[in-house]
Amino acid sequence: DKAYEIQLENLVELKVLHKHHIPVTREQFLEATKEMSLRKRDYTKKDEPLDYQKELMKSLAIPWNPKVAKEMSEAFTREKNQLIEKDAIMPHALETLDYLHDQGYVLGIVTDASSSISKKWVEQIGRKNYFKTIIVSHEVKSKKSDLVPFKKALEELQLKPEECLMVGDTLGDMMAAKIGMKTCLFDRYKREIGTEIKPNYIISKLIKIKKIID
């Protein structure tokens with residue numbers, strides 16, 4: 001949430017457009033990015049450079065300009081990489097990771113975020129050696145809810161599903177239960193949970209993972 005707030009405050013891509021005298025309002029920009037976030041992503045297709053910027057400019061009815069797009073991409077990546085240095089880490093995240101690592105638990109990451117961003121952040125928090133595997137959806141050409149990334153993680157970790165606890169902050173993450181994993185929903189907003197997906201545990205603070213493990 002903190003990272004998202006910082007992104008909204010800075011809007012680095014919009015600043016690039018304004019620098020090139022392209023008339024886009026803050027409201028138009030936010031609406032376009034929101035609409036793009038709701039689009040269904042094709043995980044069988046490899047991400048190409050500037051794909052996101054190309055779609056964004058199209059949504060904003062801006063003529064394609066690779067120079068501007070490249071500048072937007074570089075500004076966006078630079079901003080993302082700096083967020084971790086601006087206290088954008090969730091409360092208790094590092095404390096919980098340190099505890100799990102010290103107790104000898106095998107840790108892995110399964111994420112729908114981009115490879116460059118997710119791996120960069122793990123390096124920046126100084127805990128990269130904690131994780132035995134990092135599975136990124138677009139690298140295995142399948143999103144988490146399709147279960148393929150979870151299966152890949154189990155394969156690399158050489159673990160059985162029933163030996164694992166999947167901690168995630170979306171209901172889609174809880175689909176890991178379909179292959180036998182126990183699940184824990186990190187739910188800060190007390191969302192409505194349907195009858196189809198029932199997590200084994202629901203927590204509002206990451207530190208409570210210690211209690212579940214104990």
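Positions are given from 1 along the sequence. Note that these values count all heavy atoms, side chains included, but never hydrogens, waters or copies made by symmetry.
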Decide yes or no for [X] and [Y]: does some side-chain heavy atom of the first lie under 4.5 Å from some side-chain heavy atom of the second?
X    : Y    : result
V24  : L14  : yes
Y130 : D98  : yes
S204 : D187 : no
F186 : M90  : yes
V167 : L165 : yes
S59  : E35  : yes
L185 : D169 : no

Determine whether K144 and S137 satisfy the following criterion, side-chain contact (heavy atoms from CB on, under 4.5 Å), listing intermediate values before the conclusion. CA-CA 7 Å; K144 287 188 288 187; S137 293; 4.2 Å; yes

Before you tell me yes or no, could you show the steps for D214 and Y99 under side chain to side chain donor-acceptor pair (under 3.5 Å), namely the whole-Å CA-CA distance, both residues' side-chain angles and the distance that decides it to 0.1 Å? CA-CA 11 Å; D214 292 342; Y99 175 80; 2.7 Å; yes

To check you understand the geometry: which heavy-atom pair defines the closest contact between [X] and [Y], and what is its length?
X    : Y    : value
L157 : L107 : CD2-O, 4.4 Å
A32  : L60  : CB-CD2, 3.6 Å
L97  : F131 : CD2-CZ, 3.7 Å
N200 : T183 : OD1-N, 2.8 Å
P149 : V110 : CB-CG1, 3.5 Å
K210 : E95  : NZ-OE2, 4.3 Å

Do [X] side-chain atoms and [Y] backbone N/O form a donor-acceptor pair below 3.5 Å?
X    : Y    : value
S73  : A69  : no
R127 : I125 : yes
K15  : N10  : yes

Interatomic spacing from [atom1] in [X] to [atom2] in [Y] - rounded to 0.5 Å:
X    : Y    : atom1 : atom2 : result
F150 : M175 : CZ    : CE    : 9.5 Å
L17  : Q28  : CG    : CD    : 10.5 Å
E31  : T25  : CD    : OG1   : 10.0 Å
H101 : T96  : NE2   : OG1   : 14.5 Å
I135 : E155 : CD1   : CD    : 8.5 Å
E156 : L154 : CD    : CG    : 10.5 Å

Residue that, paired with Y52, satisfies side-chain contact (heavy atoms from CB on, under 4.5 Å) out of M72, M57, E13: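 Exactly one option meets the side-chain contact (heavy atoms from CB on, under 4.5 Å) with Y52, and it is E13.
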
With a 4.5 Å cut-off on side-chain heavy-atom distances among I, L, V, M, F, W and Y, is there a chain of contacts connecting L94 to L100?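 As far as the 4.5 Å side-chain criterion goes, L100 and L94 are connected within one cluster.
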
Flag if over 12 foreign heavy atoms under 6.0 Å of CD, Q103: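 Yes, CD of Q103 has more than 12 neighbouring heavy atoms, counting only those of other groups under 6.0 Å.
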
Go through the steps for K19 and E71 under the test salt bridge (Lys or Arg N to Asp or Glu O under 4.0 Å), then give the verdict. CA-CA 11 Å; K19 173 187 168 184; E71 197 173 328; 2.7 Å; yes

Tell me whether K58 forms a cation-pi arrangement with W64, defined as NZ or CZ under 6.0 Å from the six-membered ring centre and within 45 degrees of its axis.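 No.
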
Step by step, would you call K70 with E74 a salt bridge (Lys or Arg N to Asp or Glu O under 4.0 Å)? CA-CA 6 Å; K70 187 172 185 291; E74 290 171 349; 2.5 Å; yes

May I have the step-by-step check of side-chain contact (heavy atoms from CB on, under 4.5 Å) for V12 and V16, ending in yes or no? CA-CA 6 Å; V12 292; V16 171; 5.7 Å; no

